[in-house]
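Sequential numbering from 1 along the given sequence is applied to the chain's residues. As the structure lists them, so they are numbered: ligands from 1, and atoms in each ligand from 1.
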Amino acid sequence: MSKDTLSIRHNGTGHEVEYPLLNGTLGKQTVDVRGLYKDLDCFTYDAGFKVTASCKSKITYIDGEKGILLYRGYPIEQLAEKCSFIEVAYLLMNGELPNVEQLDYFDNEIRHRSMLHESLRHFFEGFSYDAHPMAMLVGVVGSLSAFYHSEMDMSDPEHRRVCAARVLGKMPTIAAASFRHSVGKPFVYPRLDLGYCENFLNMMFSRSSPNYIDPNFTVDDKLSKALNILFILHADHEQNASTSTVRLAGSTGANPYACIAAGVAALWGPAHGGANEAVLNMLAEIGSVDRIPEFIARAKDKDDPFRLMGFGHRVYKNFDPRATLIRKTCHDILADSNKDDPLFELALELEALALKDDYFIEKKLYPNVDFYSGIIYKALNIPVEMFTVMFAIARSAGWLAHWLEMVSAESAPIGRPRQLYLGETNRDVIPLAER
Ligand code: CMC
């Protein structure tokens, strides 16, 4: 019997089958159970896909126990220190870091694709003034499908590349427009002379309008560097809920812009990208340092649904390497600018108390990337409702990389899980009058 197999025996029938164990370049062996239904007439049950590999991928590797995160083999720490977000997006989407000419071409293309079709821009006028920016983002990203029909032959690598560049280029423009609409400020057009993060900050915060360019607005260098790091750390995270959603939608051959919109929708939830917003709302609810023990007690109480937002992770069980990097940026920024804000004092105290608490230590619940990103965004004056939108801008690089990998694969079966049915068995309909 080969060592690279796993035998599964049906104890009812005595029938035993050997399944191959697949070896990746890194990580756990993975049993290929695709023959199970045919061989043993049963399915696997794995709610939440906790131990199920849904695809083969070469993009991102995570070792949750050791706290390792690699994009295309490069440690996240090195990428955050040495690269721009645009370089990292190129890496994720193309497999290699760009050389100078490749980066120049890519960066230029992304800048030139940052404009929105004027009619699409007018969509924002149709949204209520108090619409959540994520609601606008999900709608407008999906609506790209109604405007950009050219280059839609997904069997053509050039068409795929153009679609991906469009999304990456337009994401900050749509995100900033969502914010400007929600505060009643005029839309700011993207500028070709600004880099990705600077352009986004200009569209968010300058006092420009279609007829007026604010000559005095300059982008704070520190702010754009912090944003660059945050975007790199959030760019990809292998088969997380939103990326899996993009893959699942894409597996049907659906329109690529609609697939990315599906990813935006999945990211919105507080258990995923919505956590950074939830962290700030939780801190506001806690209100003062003396109430922290009460909230920690609630988080530990089995009968209370309250959880400490920004703590815990499905994959990282010792530490989240992104949180380690971001924690330093967070502490630097707080030390620098908003020292006196009671909310920051509260956040640091909560971090310190939870890290000492037995419940959190035993269950390996450490602050995750979203605990710190929310606090940094707040320190950078980004409104709380925009936090998940910021995550979406960054994660679009990962969504696109996974979508590209999937649609260019030789075989990409439609994603179609099975279920364990617990409903009624076959029964007859009783006519309405007799029920
Ligand atoms: N506060 C209190 N208890 C918690 C928390 C928390 N934040 N997270 C997990 N637990 C407990 C949970 O009650 C469970 O206890 P028990 O074993 O007694 O039933 C145990 O820890 C394991 O939790 P789980 O829900 O089975 O773990 P999971 O891997 O399914 O969930 C998680 C991971 C991130 C959804 C969860 O930790 C959570 O809800 N955290 C708060 C939300 C959050 O910060 N999300 C952002 C994740 S990072 C960004 C991203 O990648 O999207």
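- Not counting sequence neighbours, the partners of H237 by the ring-ring contact (aromatic ring centres under 6.0 Å, His included) test are H313, Y316.
- Residues passing the ring-ring contact (aromatic ring centres under 6.0 Å, His included) test with Y257: none are found, sequence neighbours excluded.
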Run through all N or O atoms in ligand 1 and write down each protein N or O closer than 3.5 Å, as a pair with its distance.
unit_1	atom_1	unit_2	atom_2	d
ligand 1	1 (N)	L308	N	3.1
ligand 1	3 (N)	Y359	OH	3.1
ligand 1	7 (N)	L308	O	2.7
ligand 1	7 (N)	F311	O	3.0
ligand 1	13 (O)	R307	NH2	3.3
ligand 1	17 (O)	K363	NZ	3.4
ligand 1	18 (O)	K302	NZ	2.6
ligand 1	18 (O)	K363	NZ	2.9
ligand 1	19 (O)	K302	NZ	3.2
ligand 1	25 (O)	R307	NH1	3.0
ligand 1	25 (O)	R307	NH2	2.9
ligand 1	29 (O)	R314	NE	3.0
ligand 1	30 (O)	R314	NE	3.3
ligand 1	30 (O)	R314	NH2	3.0
ligand 1	39 (O)	R307	NH1	2.9
ligand 1	40 (N)	F311	O	2.9
ligand 1	44 (O)	G310	N	2.8
ligand 1	44 (O)	N368	ND2	2.9
ligand 1	45 (N)	A271	O	3.3
ligand 1	51 (O)	H313	NE2	3.3
ligand 1	52 (O)	H272	ND1	2.5

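- Checking S57 against E238 by side-chain atom types alone, no donor-acceptor pair falls below 3.5 Å.
- A salt bridge does not link E198 with R191: every distance from a Lys NZ or Arg NE/NH1/NH2 to an Asp or Glu carboxylate oxygen is 4.0 Å or more.
- Scanning for ring-ring contact (aromatic ring centres under 6.0 Å, His included) contacts around H402 gives an empty result, with sequence neighbours left out.
- Look at D46 and K50 and you find no salt bridge, because none of the NZ, NE, NH1 or NH2 atoms lies under 4.0 Å from a carboxylate O.
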